[in-house]
Amino acid sequence: MDKNVIAAYSGGALPAAIGIIRMTGKGAADILSSVFRPKRGKPITYSDKNKMIYGELSASDGKTIDICLACLFEGPHSYTGEDMAEIYCHGSEAVVAGALRAIYDAGARPAEAGEFTKRAFLNGKMNLSEAEATADLIYSQTEMGAKNAAAQLKGANFKEVAEMRQSALDLISHFYAVCDYADEDIEPFDYENARNTLTDIKIRLEKLAESYDRSKFLSEGVPVAILGRPNVGKSSLFNALLGYDRAIVTSEAGTTRDVIGQRATFDGVTFYLMDTAGIREGLTEAETAGIKLSRQAAEDAEIIIAVFDGSQPLAAEDKEIIDICRDRKTIAVINKNDLPVADMSAVSNMFEKNVSLSADRGEGIEELVGLMNGLCPDISSGEVLITSGRQAALLAQAAEAFERASESAANGMTADAFLLDAERGASLLGKVIGLDVDIDITNGIFSRFCVGK
Ligand SMILES: Nc1nc2c(ncn2[C@@H]2O[C@H](COP(=O)(O)OP(=O)(O)OP(=O)(O)O)[C@@H](O)[C@H]2O)c(=O)[nH]1
Ligand SMILES: [Mg+2]
């Protein structure tokens with residue numbers, strides 16, 4: 001039997017309601033037929049394709065191990081582009097192990113990590129950026145990460161890059177035509193137009209490459225540090241945002257020591273909230289160490305929530321907080337508004353985004369969440385971020401190459417200089433979308449996948 005057929009368990013952790021076993025390759029239908037007998041009618045190889053068939057699954061000894069469903073997909077209309085078979089059995093470890101053993105005995109071999117998707121790539125069913133997006137989708141931990149990956153899978157970035165590459169190739173071929181067929185009636189090369197096109201490409205590429213810096217927010221959440229002097233209610237606010245008591249709250253100043261991080265999703269945007277130690281002159285070694293971590297969290301954060309106790313006049317430590325927040329995306333929270341209020345005009349004048357609330361009572365939290373969403377980097381507004389470091393590096397290099405080519409076009413270029421850079425830029429963009437990619441890099445991409453995908 002053909003060892004070209006690979007098989008693997010493709011479902012989640014067992015036991016599960018349903019276990020999915022997949023096979024791909026020429027001969028997959030025969031292997032399925034040897035382990036699966038439809039309850040009604042002919043062998044499965046004669047059944048309709050792309051249709052679930054009910055039947056009996058047998059183990060290596062030929063005895064029935066499950067009664068379940070199976071489906072055949074005929075290449076090229078399948079995920080991998082080859083003949084494929086899938087079994088949807090009961091998600092028991094014993095059934096899955098028994099079925100796989102029977103399948104391997106019948107001639108399939110175990111699939112390697114990402115081998116199904118690699119075959120899809122090799123058979124032209126998907127390009128390399130779609131393959132990378134598939135891995136992102138599988139590993140996405142936030143809803144916005146999944147949406148970004150799905151948009152990539154639909155070809156968002158691929159189309160834009162392919163289009164820019166094509167514009168560059170059009171310019172290059174026009175340039176060659178003018179040089180090679182000087183006597184013929186070819187439209188002269190328009191340097192001004194070439195420069196504009198290349199500059200436009202360069203700007204778009206830089207924007208795409210830079211989006212990679214924000215892509216970590218998709219997987220980790222947007223980091224938010226909750227900062228303030230001791231006892232202003234940082235931990236109370238942290239708990240109120242989470243909707244449960246994660247951090248200890250006491251009336252003693254200096255309760256929180258370590259940074260406590262927790263993810264929370266509001267309106268589809270995931271944040272990584274960090275509760276921190278109150279900033280003051282530390283009284284003990286442990287508190288001083290905690291305060292150092294608070295400052296680090298503030299540096300790492302994309303957004304700072306600066307908490308002030310609205311029932312007390314501003315203290316020297318509050319001014320220090322204001323200093324830390326200068327030129328940072330900050331929301332000022334004037335807490336404890338259930339108590340008589342002190343003069344907080346310095347805070348509301350300093351911070352355009354501010355909210356008065358009561359963390360203890362959980363009042364005013366929606367307004368704060370609204371401000372947080374408003375300050376969020378552009379990750380949920382339709383822009384599709386680059387999530388692959390490989391692609392980001394290539395895009396940045398291509399932007400540089402097109403910038404040089406554009407300068408050559410502006411400075412009464414020599415043909416060599418212009419072509420060298422423009423062709424290099426086009427070739428780098430080709431690599432982004434999976435043309436001329438080294439086999440090592442391709443293998444690296446597929447090794448990120450789990451077995452069975
Ligand atoms: N009245 C009132 N008290 C509050 C409010 N929020 C917090 N507190 C009280 O303020 C005290 C300190 O609250 P925490 O949340 O522990 O303050 P913190 O800023 O985390 O303090 P450290 O961890 O010591 O820096 C507790 O007694 C809380 O119950 C509020 O909205 N109103
Ligand atoms: Mg605290």
Side-chain angles (χ1 to χ4, degrees), residues 221 223-264 266 271-301 303-325 328 330-348 350-351 353-372:
V224 176
I226 304 177
L227 229 59
R229 68 176 165 82
N231 246 1
V232 290
K234 298 177 297 298
S235 301
S236 306
L237 183 66
F238 178 67
N239 291 342
L241 280 165
L242 292 175
Y244 59 91
D245 288 344
R246 170 73 179 81
I248 298 172
V249 169
T250 74
S251 57
E252 278 169 39
T255 304
T256 307
R257 297 289 169 90
D258 274 317
V259 172
I260 307 174
Q262 196 73 43
R263 276 200 209 123
F266 305 113
F271 295 89
Y272 183 71
L273 303 176
M274 290 177 278
D275 181 22
T276 64
I279 290 185
R280 66 172 170 184
E281 203 58 58
L283 301 182
T284 63
E285 207 178 319
E287 191 184 2
T288 306
I291 291 167
K292 204 168 155 207
L293 294 178
S294 303
R295 292 179 189 280
Q296 186 61 50
E299 260 179 50
D300 296 344
I303 298 172
I304 297 178
I305 297 181
V307 186
F308 301 92
D309 183 338
S311 68
Q312 290 182 11
L314 287 186
E317 290 98 341
D318 289 316
K319 302 212 169 93
E320 195 180 342
I321 301 295
I322 293 176
D323 276 343
I324 295 175
C325 298
R328 300 290 307 273
T330 305
I331 302 168
V333 166
I334 300 169
N335 189 29
K336 310 195 187 181
N337 73 359
D338 51 301
L339 300 176
V341 286
D343 178 16
M344 284 284 127
S345 52
V347 170
S348 41
M350 170 74 195
F351 298 104
K353 302 218 182 310
N354 60 78
V355 52
S356 157
L357 53 75
S358 169
D360 230 10
R361 298 186 178 191
E363 286 167 11
I365 301 299
E366 298 80 18
E367 195 183 336
L368 171 61
V369 166
L371 292 175
M372 286 164 67

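Worth saying up front: this structure is predicted, and the values here are computed from it rather than measured. Atom set for the values below is all heavy atoms of this structure, side chains included, hydrogens, waters and symmetry mates excluded. Note that ligands are numbered from 1 as they come in the structure, with each ligand's atoms numbered from 1 the same way.
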A.B. asks: What protein heavy atom lies closest to atom 3 (N) of ligand 1? Include the residue and the distance to one decimal.
C.D. replies: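 Ranked first by proximity to atom 3 (N) of ligand 1 is Asp360 OD2, 3.4 Å.
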A.B. asks: State plainly whether the residues Arg280 and Glu287 are in salt-bridge range, i.e. N to O under 4.0 Å.
C.D. replies: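 Here Arg280 pairs with Glu287 in a salt bridge, since their nearest N and O are under 4.0 Å apart.
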A.B. asks: Any heavy atom of Glu252 sitting closer than 4.0 Å to ligand 1?
C.D. replies: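 Checking ligand 1 against Glu252, which is what was asked, there is a heavy-atom contact under 4.0 Å.
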A.B. asks: Looking at ligand 1, does any of its N/O atoms fall within less than 3.5 Å of an N/O of Gly233?
C.D. replies: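 Checking ligand 1 against Gly233, an N or O pair does fall under 3.5 Å apart.
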A.B. asks: Taking side chain as C-beta onward, heavy atoms only, is Leu237 less than 4.5 Å from Leu357?
C.D. replies: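 Touching, per the 4.5 Å side-chain cut-off.
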A.B. asks: How long is the straight-line distance from OG1 of Thr276 back to NZ of Lys234, given to the nearest 0.5 Å?
C.D. replies: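 Output value for this atom pair is 6.0 Å.
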A.B. asks: What is the distance from atom CZ of Phe308 to atom CE of Met350, rounded to the nearest 0.5 Å?
C.D. replies: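 Rounded to the nearest 0.5 Å, the CZ-CE separation comes out at 8.5 Å.
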A.B. asks: Is Val232 in polar range of ligand 1, meaning some N or O pair under 3.5 Å apart?
C.D. replies: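 Right, the criterion is met.
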A.B. asks: May I ask whether Gly228 has any heavy atom positioned less than 4.0 angstrom from an atom of ligand 1?
C.D. replies: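 Outside the 4.0 Å threshold, so no.
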A.B. asks: Nearest 0.5 angstrom please: Asp275 CG to Gln262 CD, how far?
C.D. replies: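 Reported value, rounded in 0.5 Å steps: 11.0 Å.
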A.B. asks: Using a strict cut-off of 2.8 Å, how many protein N/O/S atoms surround the Mg ion (ligand 2)?
C.D. replies: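 Considering protein N, O and S only, the Mg ion (ligand 2) has 2 within range.
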A.B. asks: Using a plain distance cutoff, I'd like to know if Gly278 has any nitrogen or oxygen under 3.5 Å from a nitrogen or oxygen of ligand 1.
C.D. replies: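 It does: an N or O of Gly278 is found under 3.5 Å from an N or O of ligand 1.
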A.B. asks: N/O to N/O below 3.5 Å, does that happen between Asp275 and ligand 1?
C.D. replies: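 In fact, backbone or side chain, Asp275 has no N or O that close.
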